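Because the structure is a prediction, the values reported are computed rather than measured. Every number for a ligand or one of its atoms is a count from 1 in the order of the listing.
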Amino acid sequence: MAKEPVRVLVTGAAGQIGYALVPMIARGVMLGLDQPVIIHMLDIQPAAEALNGVKMELVDAAFPLLKGVVATTDVVDACTGVNIAVMVGGFPRKEGMERKDVMSKNVSIYKSQASALEKHAAANCKVLVVANPANTNALILKEFAPSIPEKNITCLTRLDHNRALGQISERLNVQVSDVKNVIIWGNHSSTQYPDVNHATVNTPSGEKPVRGLVKDDEWLNGEFITTVQQRGAAIIKARKLSSALSAASSACDHIRDWVLGTPEGTWVSMGVYSDGSYGVPAGLIYSFPVTCHSGEWKIVQGCVCSANETSSFFCILHCVFLTQSIAFWVGRLVSRLVNLVVQNSYSNYVLVWRKEICNPEYVA
Ligand SMILES: NC(=O)c1ccc[n+]([C@@H]2O[C@H](COP(=O)([O-])OP(=O)(O)OC[C@H]3O[C@@H](n4cnc5c(N)ncnc54)[C@H](O)[C@@H]3O)[C@@H](O)[C@H]2O)c1
Ligand SMILES: O=C(O)C[C@H](O)C(=O)O
C-alpha cells in the first residue's frame, strides 16, 4: 500500500539553499525513495515571484514522489499540518562577517515563526534550523514554541560533520563512505571542535582509527581543525555566496538519519537540546554525536575519554574548553542577575541571556 505523503516545510525556499533543497526532497533524498511528499515553501513578499518560479520548476520536473506544492508568503498557510520543518529563511553572512553578525535579523524571524509552527504544525513535527546563527535560532524557536517538545528542535551541524569526513577522505585518498564517526562538538561556528579521536576508516583489513592511518598529529590537530572550522568562510570567499548545495544535502542527511535511523555502529553530529551530557549545561542547543532510532536521537555517551593515549590529550583539551565555557557562563549569569534586579525585566532578560550564551563569540 502506498504511504501517506509527508508534509515538509522549507522556509526561505526562494533562496539558494531552498533552490537546491526542494528538488532533493522531491526526489526522495530526504525521506526515502518510497515516501511521497507535499512540499510547503515559505518566503517573504519581495521574493514571492521567485518563489512561484521555484514552484513552476517543481511542477515541470514531474517528480513522481511529489504529491503537492504549497508556495506562500503566509506563515500560517506554510506551517499548517507540516510533519517536518526545515528552517532556512534568513539572511546569510557576506565575506568578512561572522555568523553572529546576522543574529539580530534572523533571531526575530525565528521568534515569530516559532508561534506559527507551535499552533499549526502537525503533532510531533520535527524541526531542523539551518539559518545562522543556527544554534541560537533553534534556541529562540524553542523558547517561543514551548509546547513543541525540545527533542524535536534541532540545528544543522551535519554540514561540518560531512566537511570533516571529506577532509579525512581526501587526505587518506579513501572513499568518503568508508570514513565514519567524526564528531562536531559545540556550535555551527568557528569555535566548534571537529574531533577525529573516535573516527575510523573501513579498510580491506577491517576498521582502523583515523589517527593511526593519517600518522600526522600536527595536521590533525592544526590544519584539519581550522579547515573545517573555516570552511564556510572559504566557500563565501570563493563563490561570493555561502554554501548551498552542500548545506541542502547535509540537511537531507540530518533529517533522513533522524527519521529513518543511523546505520548500526555509526553516529552523526546534530545540534540538539543538551541534557547535561559531557558537562554541557542542560537547555543549550549544542552539537553532540548522536545515534537515531525510530525517529528519536540519543546522545552517544563515553566519547570524551578514550583508552587511546593520543586522543586523551584532546579529551583533556575538550574538557578544559567545556570547563572554561561553563565558568564563563556562570560568571555571565551572575552579572546578568545583577542587571535583572536593576532592570526588573525578567522575560527580556531570559531572551538576551539565552542569546548571548549561544553566541560563540562569548565563549571563544
Ligand atoms: N547551518 C548551516 O550549516 C548553514 C549552511 C549554509 C547556510 N546557512 C544559513 O542558511 C541561511 C540561508 O542561506 P541562503 O544561502 O539560502 O540565503 P539566501 O539569501 O539565498 O536565501 C534566504 C531566503 O530566506 C528568505 N527569507 C528572509 N526572511 C524570511 C522570513 N522571515 N521568512 C521566510 N523566508 C525569509 C529570503 O527572502 C531568501 O529567499 C543563512 O542564514 C545562511 O547563513 C546555514
Ligand atoms: O559560513 C556561513 O556563513 C554559511 C554556512 O554556515 C556554512 O558553514 O557554509
Can Met97 be said to touch ligand 2, with heavy atoms closer than 4.0 Å?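 No, that is not the case, since the closest heavy atom of the residue is not under 4.0 Å from the ligand.
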Using heavy atoms and a threshold below 4.0 Å, how should the contact between [X] and ligand 1 be classified: side chain, backbone, both, or neither?
X	result
His188	side chain
Val75	neither
Ser243	both
Pro92	both

Answer with side chain, backbone, both or neither: which part of Arg231 has a heavy atom less than 4.0 angstrom from an atom of ligand 2?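 Neither part.
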Geometric cation-pi criterion Lys180 and Trp267, 6.0 Å radius, 45° cone: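 No.
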Can you find a side-chain donor-acceptor pair between Arg211 and Asn221 that sits under 3.5 Å?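 Yes, a side-chain donor-acceptor pair sits under 3.5 Å.
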Checking Ser147 against Glu118: is there a side-chain donor and acceptor pair closer than 3.5 Å?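 Judged by distance alone, the side chains do pair up.
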[atom]: the protein heavy-atom neighbour that sits closest, reported with distance to 0.1 Å:
atom	result
atom 3 (O) of ligand 2	Arg93 NE, 2.4 Å
atom 7 (C) of ligand 2	Arg163 NH2, 3.4 Å
atom 32 (N) of ligand 1	Gln113 NE2, 2.9 Å

Indicate the ring-plane relationship of Phe224 and Trp219, choosing parallel, tilted or perpendicular according to the 30° and 60° boundaries.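 Judged by the thresholds at 30° and 60°, the geometry between Phe224 and Trp219 is tilted.
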Can Asp43 be said to touch ligand 1, with heavy atoms closer than 4.0 Å?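 Yes; Asp43 lies near enough to ligand 1 that a heavy-atom distance drops under 4.0 Å.
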